[in-house]
Number of protein chains: 2
Amino acid sequence: MDLAAQRRRVPYRQGEGERLRQDILDTAARILEESGREDALSLRGIARELGIAAPSIYLHFNDKTDLVRTVLDARYAALASTMREAGSAAAEAGADAWGVLRAIVGTYRGFAVDNPRRYRLMFSLEQQTSAEDRRATGHPLDRVLIAWTDAVDQYLAAACPEQREEADTLGVLLWTGLHGQFALWHTLPHSFVDDDTILRELEEALMRRLLPPSD
Amino acid sequence: MDLAAQRRRVPYRQGEGERLRQDILDTAARILEESGREDALSLRGIARELGIAAPSIYLHFNDKTDLVRTVLDARYAALASTMREAGSAAAEAGADAWGVLRAIVGTYRGFAVDNPRRYRLMFSLEQQTSAEDRRATGHPLDRVLIAWTDAVDQYLAAACPEQREEADTLGVLLWTGLHGQFALWHTLPHSFVDDDTILRELEEALMRRLLPPSD
DNA sequence: CTCATCGACCTAACGGCGTTAGGTTTACTA
DNA sequence: TAGTAAACCTAACGCCGTTAGGTCGATGAG
């Protein structure tokens with residue numbers, strides 16, 4: 001720990017103040033990633049690590065929840081991107097429509113299983129978006145929602161075009177269904193830590209029941 | 001507020017010390033019910049309301065998380081009971097198997113929609129049950145899980161006996177699917193506060209796709 | 001070259017929190 | 001009547017988020 005080195009930090013030069021904002025964001029993201037608990041993150045702890053005074057964080061964020069929200073918003077966008085990339089990669093590798101959708105589902109499961117506490121944190125937040133904000137910038141989770149409806153729409157377009165109008169409903173059903181499985185994973189019978197077999201079985205069962213087979 | 005009256009509380013008499021435990025439990029339950037946030041509950045706040053000293057809570061609970069867990073465990077059991085009662089009531093009112101199941105689903109939705117923050121709190125907790133505890137007393141949510149698998153099993157027994165062996169899987173799929181919908185409710189499009197229409201539609205869509213029709 | 005301004009921080013302090021250590025008072029028991 | 005034990009208590013520690021009010025060097029204007 002280079003606490004001594006940080007104790008007398010030299011401030012960023014004029015015009016580079018935004019770099020501290022990024023430092024704070026990075027540190028907060030790492031702590032949240034590791035702990036998966038919002039209350040394991042403290043502004044004073046961040047300040048200690050960075051060698052700054054705790055109130056300096058308020059130069060860049062309104063309060064603690066603003067900081068956490070900013071970190072998580074980036075995570076939502078990253079998750080949505082990862083899903084899209086997984087779909088594209090599977091398609092380029094020659095997978096059929098069902099295979100592409102399964103690749104996306106598997107990526108999402110991987111994200112949830114890889115760090116269950118992070119996943120819970122991301123999806124159990126209050127997220128009290130005001131109706132105003134919502135109409136302006138949309139809900140932070142909209143990117144994830146759209147990634148799902150797009151994924152299902154592409155499957156339907158290739159496999160079952162006549163049901164394509166149901167893409168939105170099916171996308172929501174698939175996403176919420178999978179989310180429920182991951183959220184309740186540890187309460188399901190025969191679920192041991194680091195064994196996601198039951199999740200693979202459930203997700204297969206859910207997909208087969210929800211989605212129409214390929215023509 | 002009868003703070004003045006409580007300021008000098010007369011202690012429970014010898015042999016009645018457990019009554020304070022119940023007082024603490026009741027107060028904690030009320031605050032959690034109203035706020036839906038664990039960090040809105042403070043031991044010092046409970047103590048103020050009851051006219052006791054904060055450390056006295058430690059005579060009855062190991063720490064704050066122990067208190068919260070105790071409150072929530074009772075809620076899980078109550079939820080499971082309510083589901084069973086709703087099923088029985090529907091059956092006695094002459095509903096068919098599908099109607100009974102829908103009554104149970106509706107009750108569960110009502111519980112979630114009636115106080116979304118309480119619902120989130122109940123199902124987003126760490127619940128780090130040790131493997132040891134789990135084998136001894138079971139997971140606190142097991143009662144809810146069993147209520148679901150029982151409900152689906154009874155439906156299948158009446159409507160589609162040949163698929164009855166799938167009751168466990170279908171129960172889990174139904175529960176996790178519904179849970180995902182409720183957990184992500186506020187991120188879904190066209191979901192306005194106090195309008196659970198979209199939930200009713202989604203739950204109908206999920207049930208119809210998951211469950212086999214009646215013979 | 002001076003000097004006011006401004007950006008990038010800082011210290012001090014407030015009130016609140018969970019939790020621990022170590023009493024104190026009251027009732028029952030031997 | 002002495003002692004034990006139940007049902008509490010006070011004081012204190014070290015955290016925490018947040019606010020108020022500095023400090024100090026770079027920068028641009030006159």
Side-chain angles (χ1 to χ4, degrees), chain A residues 1 3-28 31-32 35 37-72 121 125-126 128, chain B residues 1 3-28 31-32 35 37-72 121 125-126 128:
Chain A
M1 205 61 93
L3 279 181
Q6 304 274 19
R7 212 144 274 294
R8 287 278 172 239
R9 189 188 82 106
V10 29
Y12 283 126
R13 271 174 286 177
Q14 205 156 327
E16 298 187 343
E18 289 301 303
R19 290 177 59 187
L20 180 58
R21 180 187 153 94
Q22 196 56 50
D23 290 348
I24 295 168
L25 232 29
D26 292 345
T27 305
I31 294 175
L32 286 177
S35 69
R37 295 179 310 120
E38 191 179 346
D39 60 334
L41 181 78
S42 84
L43 301 185
R44 297 179 111 110
I46 296 172
R48 270 193 301 271
E49 280 204 32
L50 293 176
I52 62 174
S56 301
I57 296 174
Y58 288 82
L59 298 171
H60 299 285
F61 301 94
N62 292 330
D63 52 23
K64 185 181 174 179
T65 72
D66 182 28
L67 172 58
V68 172
R69 194 172 39 72
T70 306
V71 170
L72 292 191
L121 177 65
L125 211 56
E126 276 282 344
Q128 274 290 33
Chain B
M1 206 57 94
L3 280 180
Q6 304 274 21
R7 243 291 137 250
R8 287 276 170 241
R9 190 188 80 107
V10 29
Y12 283 125
R13 270 173 288 177
Q14 205 158 328
E16 298 188 342
E18 289 301 304
R19 289 177 60 188
L20 180 57
R21 179 188 155 92
Q22 195 57 50
D23 291 347
I24 295 167
L25 232 28
D26 293 345
T27 305
I31 294 174
L32 287 177
S35 69
R37 295 178 310 119
E38 191 179 347
D39 60 335
L41 181 78
S42 83
L43 301 186
R44 297 179 111 111
I46 295 172
R48 270 193 301 269
E49 279 203 33
L50 293 178
I52 62 173
S56 301
I57 296 173
Y58 288 82
L59 297 171
H60 299 285
F61 302 93
N62 293 330
D63 51 23
K64 184 180 175 181
T65 73
D66 182 28
L67 171 59
V68 172
R69 192 171 40 72
T70 306
V71 170
L72 292 191
L121 177 66
L125 210 56
E126 276 281 343
Q128 273 291 33

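Below, read A as the first sequence line, B as the second, and so on, with proteins coming before strands; counting in each chain starts at 1. Reckoned from all heavy atoms, side chains included, excluding hydrogens, waters and symmetry mates.
- Considering only residues two or more places apart in sequence or on other chains, B:Asp26 meets the salt bridge (Lys or Arg N to Asp or Glu O under 4.0 Å) condition with none of them.
- Inter-residue side-chain proximity for A:Leu72 and A:Arg69 is flagged as unmet; no heavy-atom pair is nearer than 4.5 Å.
- Look at CG on B:Asp23: it is 13 Å from P on D:dA7, rounded to the nearest Å.
- Atom OH of A:Tyr12 and atom C1' of D:dA26 are 18 Å apart (whole Å).
- Taken to the nearest 0.5 Å, the CZ atom of A:Arg44 stands 10.0 Å off from the CD1 atom of A:Ile57.
- The separation between A:His60 atom NE2 and C:dC10 atom P is 10 Å, rounded to whole Å.
- Annotation: the span from A:Leu32 atom CG to A:Leu41 atom CG amounts to 4.5 Å, rounded to 0.5 Å.
- Here D:dC24 presents its P atom at 17 Å from CZ of A:Arg9, a figure rounded to the nearest Å.
- Separating the CG atom of A:Leu59 from the P atom of D:dA20 is a distance of 14 Å, rounded to the nearest angstrom.
- Distance, A:Leu50 CG to C:dC10 C1': 15 Å, rounded to whole Å.
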>> Base contacts versus sugar-phosphate-only contacts with protein, heavy atoms under 4.0 Å: please encode nucleotides 12-20 of chain C as B, S and - from 5' to 3'.
In response: BB---BBBB
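- Regarding A:Ile57, its CD1 atom lies at a distance of 11 Å from the P atom of D:dC16, rounded to whole Å.
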> Could you write nucleotides 25-30 of chain C as a row of B, S and -, 5' to 3', where a protein heavy atom under 4.0 Å of any base atom gives B, of only sugar-phosphate atoms gives S, and otherwise -?
Replying inline: --B---
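- Legend: residues meeting side-chain hydrogen bond (donor to acceptor under 3.5 Å, both in side chains) with B:Tyr12, ordered by chain and number and at least two apart, are B:Asp23.
- Although no hydrogens or angles enter the test, the distance criterion places no donor-acceptor pair under 3.5 Å between the side chain of A:Arg9 and the main chain of A:Ile52.
- Residues that satisfy the side-chain hydrogen bond (donor to acceptor under 3.5 Å, both in side chains) test with B:Asp39, not counting sequence neighbours, are B:Arg37.
- Distance, B:Leu20 CG to D:dC9 C1': 13 Å, rounded to whole Å.
- Residues satisfying the side-chain hydrogen bond (donor to acceptor under 3.5 Å, both in side chains) criterion with A:Thr65, sequence neighbours excluded, are A:Asp63.
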Sequence neighbours left out, cut at 3.5 Å: what donor-acceptor pairs do the side chains of residues 13-20 of chain A make with other protein atoms?
residue, atom, partner, partner atom, Å
A:Glu16, OE1, A:Arg19, NH1, 3.1

